[in-house]
Asks: 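Mind having a look at this structure? Questions to follow.
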Amino acid sequence: MSIVSPMTRVLKADEIGIAPHNAPRLLLPDPRTVFQQRARRLHYLADGHDLAAWLLFCHALSLAQGRLVDRVQIEDGEAQASLSLALTERSWGYWQALLAELIGATTHSPHSPPTQVGKGLTLEALALVKTLQAWPKATWQTQAQALLLGEDGVTPEAAPFLGAALQVEWTLRASQLPTAIHAAYQGESAVCPVCGSHPMVSLVHTGDPNHGVRYLVCTLCQSQWQAARAKCTNCDSPKEVVLLGPSEKAPIQGECCEVCQSYVKLLSLPREVQLDPCADDLATLGLDVMLEQEGYGRAARNLLSAY
Ligand SMILES: [Zn+2]
Ligand SMILES: [Zn+2]
């Protein structure tokens, strides 16, 4: 992709929509659709993109995530009152199942280039998957816990696989939470009120009942929480944020705070209804580079890129 420069201040922050009283404060994820939609969007965005190989790899990962949640049966009584950033007994199983899904999906196609096996996974990536399959449980636990908590020491090549497996588990768990949790959440926060992880992007919705309402999207459990006020979601400074983007009409902008010098990408569905929080975040790495050149640091995480 190409980014047009110079960066343009496109909107005043107070133009970000104020939520109508009937807009839900919290949106729990639907694991049956979230990974499939992501995979479709990644495939679309990869066409002609500078980062096509990377996006197709993430497409393969998302397809594997989607197949995995389709296979999982959540039993009655498994629903929990809340989530935390601690591995469970099941976490290891999701890791192994995800890697097995990726290997299972990579049968050679006669139409693929020689370095590509199946749906976007290169021979190099397949070799890495097989290496990761041999990791002992203790290594996996140390790495997964470090990624969950945002600590150093995560093997960079393993991070997307770790992140994908953790997303499957937490998204399934979040989808099973009792609906009473909606009422329990009363205010915006820099971390996910469901699981305590970080936002990936913020997303302005379209359609009733939350048209124009801004939500932060969790990078781990895919829940969304309302953050409608025009202030920095990272430091809560009362000073207005500014939106910087490649053009005035661009559907993806950086929401930048002059106080803590950080940004979170703002994706506008009213401007582009096909946007996907994870896929479009990954496909706009160029915007991250430009915002960092402007002096802002990223205050959001994407578990598939470890960015
Ligand atoms: Zn979450
Ligand atoms: Zn701030």
Side-chain angles (χ1 to χ4, degrees), residues 9 12-14 16 24-31 33-35 38 65 69 79-88 90-91 94 144-145 147-150 162-179 181-182 184-203 214-244 253-266 276-278 281 291-292 294-304:
R9 284 173 196 254
K12 279 176 65 72
D14 60 7
I16 297 170
R25 288 172 174 272
L26 193 61
L27 303 169
L28 294 177
D30 177 0
T33 57
V34 69
F35 299 114
R38 177 188 298 179
Q65 289 175 299
V69 296
Q80 301 162 57
S82 64
L83 306 182
S84 66
L85 292 178
L87 298 175
T88 70
R90 288 179 166 246
S91 304
Y94 284 115
Q145 193 67 41
L147 187 69
L148 269 180
L149 299 178
L162 290 161
L166 296 173
Q167 283 181 340
V168 166
E169 179 178 359
W170 262 262
T171 303
L172 282 165
R173 289 167 65 194
S175 72
Q176 293 298 306
L177 289 171
T179 50
I181 196 171
H182 289 261
Y185 172 61
Q186 291 299 319
E188 66 213 66
S189 148
V191 294
C192 173
V194 174
C195 75
S197 191
H198 294 90
M200 177 162 55
V201 294
S202 70
L203 184 69
R214 180 180 61 153
Y215 291 83
L216 288 165
V217 183
C218 178
T219 189
L220 179 62
C221 77
Q222 321 301 314
S223 296
Q224 299 185 24
W225 65 101
Q226 211 184 91
R229 289 159 62 190
K231 65 176 188 178
C232 174
T233 53
N234 184 50
C235 73
D236 276 350
S237 160
K239 193 173 174 189
E240 273 189 7
V241 289
V242 293
L243 293 176
L244 301 182
Q253 313 285 344
E255 191 180 83
C256 304
C257 172
E258 307 285 354
V259 177
C260 67
Q261 288 290 301
S262 73
Y263 73 92
V264 174
K265 283 181 196 164
L266 180 72
D276 175 83
C278 181
D281 182 30
L291 291 168
E292 289 187 4
E294 294 279 318
Y296 299 100
R298 181 169 160 120
R301 296 179 74 202
N302 189 318
L303 290 186
L304 295 193

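Counting starts at 1 for both ligands and their atoms, in listed order.
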Asks: Which atom pair, heavy atoms only, marks the closest approach of G163 to L147?
Replies: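 So the two residues come closest at N-CD2, 3.5 Å.
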Asks: Could you pull out all residues at least two apart from D276 that satisfy salt bridge (charged side-chain N to carboxylate O under 4.0 Å, His left out)?
Replies: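 Partners of D276 under the salt bridge (charged side-chain N to carboxylate O under 4.0 Å, His left out) test: none.
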Asks: So what does the C232 SG - the Zn ion (ligand 2) - C235 SG angle come to, to 10°?
Replies: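 Vertex at the Zn ion (ligand 2): approximately 110°.
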Asks: I'd like to know whether L304 forms a side chain to side chain contact (heavy atoms under 4.5 Å, CB included) with Q167, so could you lay out the CA-CA distance, the side-chain angles of the two residues, the decisive distance to 0.1 Å, and finally the verdict.
Replies: CA-CA 9 Å; L304 295 193; Q167 283 181 340; 3.9 Å; yes
Asks: Please list every donor-acceptor pair under 3.5 Å in which a side-chain atom of residues 216-224 meets a protein atom from a residue at least two apart or in another chain.
Replies:
from : atom 1 : to   : atom 2 : distance (Å)
T219 : OG1    : R301 : O      : 3.2
T219 : OG1    : L303 : N      : 3.1
Q222 : OE1    : R38  : NH2    : 3.0
Q222 : NE2    : T219 : O      : 3.3
Q222 : NE2    : L220 : O      : 3.3
Q224 : OE1    : H205 : NE2    : 2.6

Asks: Listing by chain and number, which protein N, O or S atoms are under 2.8 Å from the Zn ion (ligand 1)?
Replies: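 Hits for the Zn ion (ligand 1) below 2.8 Å: C192 SG, C195 SG, C218 SG, C221 SG.
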Asks: Going by the rule side chain to side chain contact (heavy atoms under 4.5 Å, CB included), which residues pair with A165 if we only count those two or more places apart in sequence or in a different chain?
Replies: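 In terms of side chain to side chain contact (heavy atoms under 4.5 Å, CB included), with neighbours along the sequence ignored, A165 is linked to W95, L98.
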Asks: Between SG of C257 and SG of C260, what angle is found at the Zn ion (ligand 2), rounded to 10 degrees?
Replies: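 My answer is 110°, to the nearest 10°.
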Asks: If you measure from CG on L85 to NE2 on H198, what distance do you get to the nearest 0.5 Å?
Replies: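 It is 8.5 Å, given to the nearest 0.5 Å.
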Asks: Looking at every heavy atom in both W170 and L83, which two are closest together, and how far apart are they?
Replies: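 Nearest pair, atom of W170 first, then L83: CD1-CD1, 3.9 Å.
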